[in-house]
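Take a look at the structure set out below.
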There are 2 protein chains.
Amino acid sequence: MTNIKDLAKMAGVSVTTVSRVLNNHPYVSEEKKNAVLEAVKASNYHKNINAVHLSTGKTSLMGVVLPFSDHPYFGLLLKGIANQALEYNYKLVLFQTDYMESRELEALQMLMQKQIDSLIICSRTCDLSTIKEHLPFAYRDFVKKYNLPYKPDYIMDECYYFEDGEKVIKQIQEMDAPPSALLVTSDQVAAGIVTCCKNRHISIPDELAIIGFDNQPIAKMMNITTVEIPLENMGKNLFLQAVNGDLSNEELPAKLIERGTV
Amino acid sequence: MTNIKDLAKMAGVSVTTVSRVLNNHPYVSEEKKNAVLEAVKASNYHKNINAVHLSTGKTSLMGVVLPFSDHPYFGLLLKGIANQALEYNYKLVLFQTDYMESRELEALQMLMQKQIDSLIICSRTCDLSTIKEHLPFAYRDFVKKYNLPYKPDYIMDECYYFEDGEKVIKQIQEMDAPPSALLVTSDQVAAGIVTCCKNRHISIPDELAIIGFDNQPIAKMMNITTVEIPLENMGKNLFLQAVNGDLSNEELPAKLIERGTV
DNA sequence: TTGTACGCGTTATCAA
DNA sequence: TTGATAACGCGTACAA
């Protein structure tokens, strides 16, 4: 593999001049510039980016931690981040954790080792203190904390996909005092619930009212009342905050889309 | 930031010894080893992985090119790759191309610049020749080529999600000679089609037969006949081939799951 | 078992 | 406008 030293020799200039040309720095004569570009072409030269990283101390790589990307919520969030990353010429390194702490730690590891410049944690299983003690510098937390009372039975975990709708209905039917309404954190799951209810002849919204989440197209098709969340926008904001070190704890508006399941 | 030189000074040994301890190499006395480990702890030391990369010429980073990850087909494929990557201690760099050639080129770029050790291209828009001319070495192509006759009208592109089912039905209903059966390349879309047919009182399979793809849980819930593809396994294989430079052009079995839409 | 010294490929500083 | 040369942090022949 040819390197800038080779190029310098080929073009009859110093490595500094080659570097200047390669990075569009000023103060290079047209003549030498052309000589360098010639050499680049002739040798099929490509920068070794790792050397650049070592020299500059930056990688233009941003980590994103999330449980899975094949879920519409995280998928859209990721999309927002990704688009913004594209604009800033950043690449993303994805950490699909499946809610496993060990994988979250891998991300922290990469951050510490400087393989990524920054890290967006969209979901975490590990303790905040764990994050804290692993980092040599301060981190930012944008999550608002609420202390609302709730009924544990009425909260069902691990519902991410369409097919989980069946599980929910089963669970509800086994309850002594089943809820008469469901706030579902994904339109996909809501759609699954609606489908399952149809199969079992449970009337919606009479017997069971449902509000979805995200205002996905599937909610429109199946006429499901839902909450619109500006996920892509959230992703965009996250990226910007991460890349700039901003602290604009902006609140994004959510909107109720009323349809037929309530 | 402290580096191995600092550690060496702190522990009263040479950088070589520090490196040996850090990489679990043999030929280090317990005494010195402990001294180094002490220093590591005391200084909150972390390797600068970029320096390692430069020195070793490897990054343990593998690129994956795919159009989107929030689609069950690519989602599962990615899952298979990711799990295997985990085992081999590789990290993945995701290139979500949205079928844009420019983004595919970015991936090739990173490969050439040695920021990633290897690249798995799950989908491509660019020409094979483009890939070829961008690479300094040979690449492997595992795609079988078939030359089957087909009717262009009967092929509908850009159907990826549940909601695209509506589009399909609309298009079919506008045809002079609509097909009586659909082979759908995603169970999500198939489910959307089935739902849409229900809404419009189109009888399945009498008026329209449907075969899905992937045997996703949604297909089971909606009783859709489908083809089971070992996607995760495919992903696993892809990773192994990429990491080992294997050429085991293995053919994985697909299986028809007969249900109610045919 | 240990350490010296060099190479990896760039960028940055500073003097010319 | 140019070029020597010193970082950057680590791995590793090679010598001891």
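Letters A, B, ... are given to chains in the order of the sequence lines, protein chains preceding strands, and every chain is numbered from 1.
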Distance check: side-chain N/O of A:Tyr45 vs OP1/OP2 of C:dT10, anything under 4.0 Å? yes
Only one of A:Leu7, A:Val21, A:Val18 passes side-chain contact (heavy atoms from CB on, under 4.5 Å) with A:Val13, and that residue is A:Val18
Do you know which of A:Lys114, A:Gln115, A:His53 makes side-chain contact (heavy atoms from CB on, under 4.5 Å) with B:Asn48? A:Lys114
For B:Phe239, which of B:Ile81, B:Leu86, B:Asn83 qualifies under side-chain contact (heavy atoms from CB on, under 4.5 Å)? B:Ile81
Could you state the CE-P distance from A:Met112 to D:dG9, rounded to the nearest angstrom? 17 Å
Rounded to the nearest angstrom, tell me the gap between atom NZ in B:Lys58 and atom P in D:dT12. 13 Å
Side-chain N,O (A:Ser14) to OP1/OP2 (D:dG3) below 4.0 Å: yes
Side chain of A:Val52 (C-beta onward), nearest among D:dG9, D:dC10, C:dT10: C:dT10
Phosphate OP1/OP2 of C:dG9: any A:Asn50 side-chain N/O under 4.0 Å: no
Could you work out which one of C:dT10, C:dG7, C:dA5 sits closest to the side chain of A:Ala51? C:dT10
Are any of the side-chain heavy atoms of B:Leu94 and A:Leu92 separated by less than 4.5 Å? no
By the definition side-chain contact (heavy atoms from CB on, under 4.5 Å), identify the one residue from B:Leu76, B:Leu77, B:Asp214 that meets it with B:Ile229. B:Asp214
For the side chain of A:Tyr27, starting at C-beta, report the closest nucleotide among D:dG11, D:dT1, D:dG3. D:dT1
Do B:Ser19 and B:Thr16 have side-chain atoms, one donor and one acceptor, less than 3.5 Å apart? no
Remember a base hit wins even if backbone is also touched, and classify B:Thr16 as base, sugar-phosphate or nothing at under 4.0 Å, heavy atoms. base
According to a strict under-4.0 Å criterion, is B:Ser29 in side-chain N/O contact with OP1 or OP2 of C:dT2? yes
Would you kindly give the CG-to-C1' distance between B:Asp6 and D:dC10, to the nearest whole Å? 13 Å
Assign each of A:Val13 and B:His25 to its nearest nucleotide of DNA chain D by heavy atoms, then name whichever residue's nucleotide is nearer the 5' end. A:Val13
Is a donor-acceptor pair below 3.5 Å formed from side chain A:Ser55 to base C:dG9, judging by atom type as modelled? no
Distance check needed: C:dA12 P versus A:Asn24 CG, whole Å only. 14 Å
Please work out if B:Lys32 contacts a base, only the sugar-phosphate, or nothing of the nucleic acid, heavy-atom cut-off 4.0 Å. sugar-phosphate
Calculate the interatomic distance between B:Leu7 atom CG and D:dC10 atom P; express it in whole Å. 8 Å
Tell me whether the OP1 or OP2 atom of C:dG9 has a side-chain N or O from A:Asn48 closer than 4.0 Å. no
Given the structure, check if the side chain of B:Arg20 and the base of C:dG3 hold any donor-acceptor pair shorter than 3.5 Å. yes
Are any of A:Asn3's side-chain N or O atoms less than 4.0 Å away from OP1 or OP2 of C:dT10? no
Nearest-Å distance, NZ (B:Lys9) to P (D:dG9)? 13 Å
Nucleotide D:dT5, atom P - distance to NZ of A:Lys5 in whole Å: 11 Å
What is the distance, rounded to the nearest whole Å, between atom CD1 of A:Ile4 and atom P of C:dG7? 16 Å
Using a cut-off of strictly less than 4.0 Å, decide whether B:Lys47 has a side-chain nitrogen or oxygen near OP1 or OP2 of D:dG11. yes
